[in-house]
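By convention in this document, chain letters (A, B, ...) are assigned in the order of the sequence lines, proteins followed by strands, and residues within each chain are numbered from 1. Treat the numbers as computed from the prediction; the structure is a model and nothing was measured.
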Amino acid sequence: MDTYDHLSLERTWQERWEAEGLYRSRVDWDKPKHYALTMLPYPSGDLHIGHWYAMTPSDARARYMRMKGNNVLFPIGFDAFGLPAEYAAVQRNIHPAKWTYENMDRMRTQLRSMGAMFDWEREAVSCDPDYYKWTEWFFKKMYEHRIAYRDEAMVNWSPTLQTVLANEQVIDGKDERTGQPVVQRMMEQWFFAITKYADELLSYPNVDWPEPIRVMQRNWIGRSEGAEVSFKTEAGDDIVVFTTRPDTLWGATFMVLAPEHPLVDSITTDGHREVVDAYRTAAASRSELERMEESRDKTGVFTGGYAINPVNDERIPVWIADYVLLSYGTGAIMAVPAHDQRDFEFARQFGLDIVPVIHPEGADALVEPAMEESYVGPGVMVNSGPIDGVETTDAKGRANPSVAAAIDWLEEQGAGKEAINYRLRDWLISRQRYWGSPVPMIYRSDGVLEAVADEDLPVILPEDLEFHGRSPLGESEEFLATTDSEGQPARRESDTLDTFMCSSWYWFRYLSPDLDSAAFDAEEAAYWLPVDTYTGGTEHAVMHLLYARFFVKAMRDMGIFDDTSAIMKQHGRDPAGLFDEPFLTLRNQGQVLGAERDGDTLVIDGDWRDGLLVASSVRVDAAAGPDAGAVVGELVRRTENVLQVATETGIVGVEVPEGTVVDISAIPGANDVHQLKPHLEVQRMSKSRGNVVNPDELVHEYGADTVRTYLMFAFEWQKGGPWDPRGIIGARRFIEDVWKLGTAVYTARSVESQATTDLRRTVHQTIAKVDSDMQEFKFNTAVAALMTLRNELLATMRSGSAEPEVWDEGREALLKLLAPIAPHITEELWRRLGNDASIHTAEFPAFDEAAARADTVTMVIQVNGKVRDRIDVDAAIGEDDAVAAALASSRVQEYLGGGEPRTVIARPPKIVNVVI
RNA sequence: GCCGGGAUGGCGAAAUUGGUAGACGCGACGGACUCAAAAUCCGUUGGGCGCAAGCCCGUGGGGGUUCGAGUCCCCCUCCCGGUACCA
């Protein structure tokens, strides 16, 4: 019996599986299919522990599905376009393509070290021309179907990234990637009309998605019901506003336009033009972030213009203010200060009229000068002409009687109409960047836009360009100069497509990554689509996952699945509803966070200066008492050479001047202040924090099987948690025990039938447990059940008390059940046991319910709900016998003291509660 | 603020959905082996009281429903994620 050598064993099997094509997936209409998909990585350079945490449990689930009899497709690829490649080009003078392809080479090796069942022959790389040819083709299709369009709009411009960004990529006024502020600009850009699908995106037909993701998407889409009302200005323009509260129109005392609103110029009177222009200039120069960081104090200026409230012909002033956003609704609001807090604050700030139109239920009528805040609760409409006396509630839209009455009245009068507004904006898909798929459009010299002809796709990214800050595409005459369909000189579009467009269809490309005649092969699609389980992080809730859903719906409507549908029907598969949603089941893993770590205990001497200790010597000494130096305590934070030290009396600041003696006995040689380790809290891993866990090192030291097992065991998968560097040893011990069991020769010594039955019961209970846990993504309890089986098998091996056949059955079950989790060691041991075929093609062990069922169980006896005794009873015990057994218990007799119980509640064979 | 998810031993976590709280693992402690250490093996391990049998307390806090609550209901605190002048 040789020892367990994870390094050579894992390498050997990875090579053999690949050589044997074990994970090639082919269409087979005689078998049920399962398309398991894990989010494809961006080739950032190195695979981190988060990739392992996302992918290896997904792989285990895919392997489990395979052993359960499914024909499984589990592909992988790279989301390979994106800005980091351009950064590398600028900063390190490496071409984005070179940087990306080199990173992918390294990551492929790392991905292979996982031992995942990826079908590498289906790999798709989004920056390959034969991939982005089809990204361009999809764009063109969208353009032809008027889903893609070019328009001028207020957009997010990132000065740092030198490009525009989609709304979804801006968080708190900062770009999602680098956290730098973005500014609002009016620009002409390319959009996808995702808002056409807003309503359909709100429902999730026949899919099993986590509720939190659905909620995030619903909030993002932000459907509001209300009305559009048109106000006439004195200058003769119409100002259309959207409101969810048309019932409060009679309380509208002024209007506010976004500073960028197109009507501002014509409304503004000459006397006010100077202040208005100044305000608009100031608003334009502020980033979203600055607008938000400023206090919520309302700012704004009067335009000098007036509009007429269509419900009561009141003349109301028109203001501009930056609390009204051009990008939401119509960019203009009617202000009802009595019943909207923002309008209320604005009115108070500038002394505008406040007219209450809701009489709160059961309270005094609102009186304007006394109001301290707006009133938004239920009540009865007052001062509201035709809807006076109508009840108003907390309900939204037409469900609120006053809103319904107001809408009906407005429509009768022709002053407004019912309307639905969405927070969702159309998807801005053009980017002023180089490393992306070119937008396949041409600007003819006569100003007409023209799509590049199909036979000329893809528009290839030129490689021989210089990289500085901005995209070199717009400056490359060679790239820009082209001819249109009539041979006239024309200019190419120099924008590229958002990389989220590449990832909005990649799972189709996996079906046939080499196909030259279409984006995907309809024969493959008819069998494999849709994706059955999709796994990945929640960070894509309103980006990738929303775009992907939109994309599939648009593809469906453009007839792209027509061939696929026809082939499905030929095979007797009903295509109805199969192209409405891309991913049937979605599961999100949590995040592995950095481990908590104590800071060094420091002993510092020096001189006090302005409450700060200027150190003359710093020493690390974990055993130091509180009086060992001027300051003694744990280093909680370090910023350059300034330390924050937690002492018994509080946090003390220490400055360590250059040249100060720093003594860290654990690190030989001369030390400096930068080697001191501060306290680390549990938080996301990042290089700058120094809490990154490197999976390559772990795999080298413990093996992929151990790393996989630990990642699946240590946390609830969908939750994640802080990495515990000590815990992995438990997984390693488990794997070593599996080796011990797998290579052991079992010798029966004193066989007892009870021990045999007990072992067999554990085996079959484990089968049932692992089966349901793998099905439900509960990997941690599946591993725990396998550890329990390991414990039993080891104990039985020592005692030799079970029949050899049963012990062997248990060992075989252990290997098969563990195979999806730890694929290498189980394969090795399986083959050593004399099996010719791979364990990964074996069937999942059959569950014998009779064997799993216990014949006797421990029944709990309670007295007044407290556990007082436990007795072993027949598992099939009836209620009367259970009660009799409980009352016969001497412990119960003690409590009864000869008396009778008031009542007895029996739930045999689990529990009997004797109530005295 | 609003929406979502949480809070269980020293730590990561279990608990067939109202029925033995703490499975499984880490760590810790005691023992065996060893000249010694590591590794390995055996045992103990929620807190308190007790020689023991056993008793009391215990799932963020407070109330409630129930024969019985980690689980259901009401109120509160804190933590994590999302989102925010959204008309």
Exercise for the section: Please determine, for the side chain of A/I729, which listed nucleotide (B/C24, B/U40, B/C26) has the closest atom? Expected result: B/C26
Exercise for the section: May I ask you to test the A/D773-A/F779 pair for a side-chain heavy-atom distance under 4.5 Å? Expected result: no
Practice task
Identify which nucleotide among B/A21, B/A14, B/G19 has an atom closest to any side-chain atom of A/V867, counting heavy atoms from C-beta outward.
Solution key: B/A21
Fill in the blank from the handout: When both distances are under 3.5 Å in a Watson-Crick or G-U wobble arrangement, the nucleotide paired with B/U17 is none
Practice task
Have a look at A/R425 and say if it touches a base, only the backbone sugar-phosphate, or nothing, with a 4.0 Å heavy-atom cut-off.
Solution key: nothing
Practice task
Please measure how far the C1' atom in B/C80 lies from the corresponding atom in B/C73, and state the result in whole Å.
Solution key: 25 Å
Problem - Side-chain heavy atoms of A/E373 within contact of A/Q341, under 4.5 Å - result: yes
Exercise for the section: May I ask you to check whether A/Y710 and A/W723 place their ring centers less than 6.0 Å from one another? Expected result: yes
Practice task
Could you please name the option among B/U83, B/G12, B/C41 that lies closest to any side-chain atom of A/F713?
Solution key: B/G12
Practice task
Counting heavy atoms from C-beta on, name the nucleotide in B/G19, B/C86, B/A15 closest to the side chain of A/R342.
Solution key: B/C86
Exercise for the section: Would you mind classifying the nucleic acid contact of A/T903 as base, sugar-phosphate or nothing, using non-hydrogen atoms under 4.0 angstrom? Expected result: nothing
Exercise for the section: Evaluate the side chain to side chain donor-acceptor pair (under 3.5 Å) criterion for residues A/Q184 and A/N156: first the C-alpha distance (whole Å), next the side-chain angles of each, then the deciding distance (0.1 Å), finally the verdict. Expected result: CA-CA 5 Å; A/Q184 303 297 298; A/N156 305 294; 2.9 Å; yes
Exercise for the section: May I ask which nucleotide in the shown strands pairs with B/G58, Watson-Crick or G-U wobble, both distances under 3.5 Å? Expected result: none
Handout entry: Close aromatic pair by centroid cut-off 6.0 Å: A/F350 and A/F254
Key = no
Handout entry: Phosphate-side-chain proximity, A/N780 and B/A14, N/O vs OP1/OP2 below 4.0 Å
Key = yes
Exercise for the section: Please state whether the phosphate of B/G27, meaning OP1 or OP2, lies under 4.0 angstrom from any side-chain nitrogen or oxygen of A/R733. Expected result: yes
Practice task
Report which part of the nucleic acid A/E716 touches: base, sugar-phosphate, or nothing (heavy-atom distance under 4.0 Å, all strands).
Solution key: sugar-phosphate
Practice task
Give A/G720 one of three labels, base, sugar-phosphate or nothing, depending on what nucleic acid heavy atoms sit under 4.0 Å from its own.
Solution key: sugar-phosphate
Handout entry: Euclidean distance for C1', B/G82 against B/A14 (whole angstrom)
Key = 29 Å
Handout entry: OP1 or OP2 of B/G19 under 4.0 Å from side-chain N/O of A/K866
Key = no
Handout entry: A/I905 or A/K778, whichever maps to the more 5' nucleotide of RNA chain B
Key = A/K778
Exercise for the section: Please determine, for the side chain of A/N791, which listed nucleotide (B/G19, B/G25, B/A15) has the closest atom? Expected result: B/G25
Handout entry: Same-atom distance (P) from B/G22 to B/G10, integer angstrom
Key = 15 Å
Practice task
Would you tell me if any nitrogen or oxygen in the side chain of A/T244 comes within less than 4.0 Å of OP1 or OP2 on B/C86?
Solution key: no
Exercise for the section: Remember a base hit wins even if backbone is also touched, and classify A/S224 as base, sugar-phosphate or nothing at under 4.0 Å, heavy atoms. Expected result: sugar-phosphate
Practice task
Look at A/Y710 and B/C24 and indicate whether a side-chain polar atom (N or O) is within less than 4.0 Å of OP1 or OP2.
Solution key: no
Fill in the blank from the handout: Atom CZ of A/F734 and atom P of B/G12 are separated, to the nearest Å, by 22 Å
Practice task
With RNA chain B as reference, determine whether A/E736 or A/I728 sits nearer its 5' end, using the nearest nucleotide of each.
Solution key: A/I728
Handout entry: Centroid-centroid distance, A/Y53 to A/F715, less than 6.0 Å
Key = yes
Handout entry: Anti versus syn assignment for B/U17, with syn defined as within 90° of 0
Key = syn
Practice task
Sticking with atom P, work out how far B/G46 lies from B/G9, rounded to a whole angstrom.
Solution key: 13 Å
Handout entry: Atom P, compared across B/G61 and B/C78: separation rounded to whole Å
Key = 15 Å
Handout entry: Selection from B/G25, B/G12, B/C85 that lies nearest to any side-chain heavy atom of A/M787
Key = B/G25
Problem - Atom P, compared across B/C3 and B/C75: separation rounded to whole Å - result: 13 Å
Problem - Anti or syn - B/G68, cut at 90° from 0 - result: anti
Problem - Given B/G82, B/G5, B/A23, the nucleotide with the shortest approach to the side chain of A/A784 - result: B/A23
Handout entry: Carboxylate-amine/guanidinium proximity below 4.0 Å for A/E225 and A/R223
Key = yes
Exercise for the section: Look through every strand shown and name the nucleotide pairing with B/G70 as Watson-Crick or G-U wobble, where both distances are under 3.5 Å. Expected result: none
Fill in the blank from the handout: Separation between CG (A/N219) and CZ (A/R214), nearest 0.5 Å, reads 14.0 Å
Completion exercise
Which of B/G68, B/C86, B/U20 is nearest the side chain of A/Y328? It is B/C86
Handout entry: Short side-chain N/O contact from A/R423 to OP1 or OP2 of B/A84, under 4.0 Å
Key = yes
Handout entry: C1'-based separation of B/U59 from B/G18 [nearest Å]
Key = 15 Å
Exercise for the section: With heavy atoms under 4.0 Å as the rule, sort A/Y895 into base, sugar-phosphate or nothing. Expected result: sugar-phosphate
Problem - Separation of B/A84 P from A/L424 CG (nearest whole Å) - result: 13 Å
Completion exercise
As its Watson-Crick or G-U partner within any shown strand, both distances under 3.5 Å, B/A28 has B/U44
Handout entry: Mutual orientation of the aromatic rings belonging to A/F847 and A/H764 [parallel < 30°, tilted 30-60°, perpendicular > 60°]
Key = tilted
Practice task
Could you check A/Y323, A/F344, A/W319 and say which one makes a side chain to side chain contact (heavy atoms under 4.5 Å, CB included) with A/K298?
Solution key: A/Y323
Problem - Nucleotide opposite B/U34 in a Watson-Crick or G-U pair, distances under 3.5 Å - result: none
Handout entry: A/R891 vs B/A53: side-chain N/O to OP1/OP2 distance below 4.0 Å
Key = no
Practice task
Would you mind telling me which of B/U20, B/A13, B/C24 lies closest to the side-chain atoms of A/R870?
Solution key: B/U20
Exercise for the section: State the pairing partner of B/G4; accept Watson-Crick or G-U wobble contacts with both distances under 3.5 Å, and report none otherwise. Expected result: B/C80
Exercise for the section: Would you mind classifying the nucleic acid contact of A/R726 as base, sugar-phosphate or nothing, using non-hydrogen atoms under 4.0 angstrom? Expected result: sugar-phosphate
Handout entry: Nearest-angstrom distance, P atom, B/C55 to B/A21
Key = 13 Å
Practice task
Can you tell me the pairing partner of B/A53 across any strand shown, Watson-Crick or G-U wobble, with both distances under 3.5 angstrom?
Solution key: none
Exercise for the section: Using a cut-off of strictly less than 4.0 Å, decide whether A/R798 has a side-chain nitrogen or oxygen near OP1 or OP2 of B/C42. Expected result: yes
Practice task
Would you tell me if any nitrogen or oxygen in the side chain of A/R868 comes within less than 4.0 Å of OP1 or OP2 on B/C56?
Solution key: yes
Exercise for the section: Using atom CG of A/D737 as one end and atom C1' of B/C41 as the other, report the distance to the nearest whole Å. Expected result: 11 Å
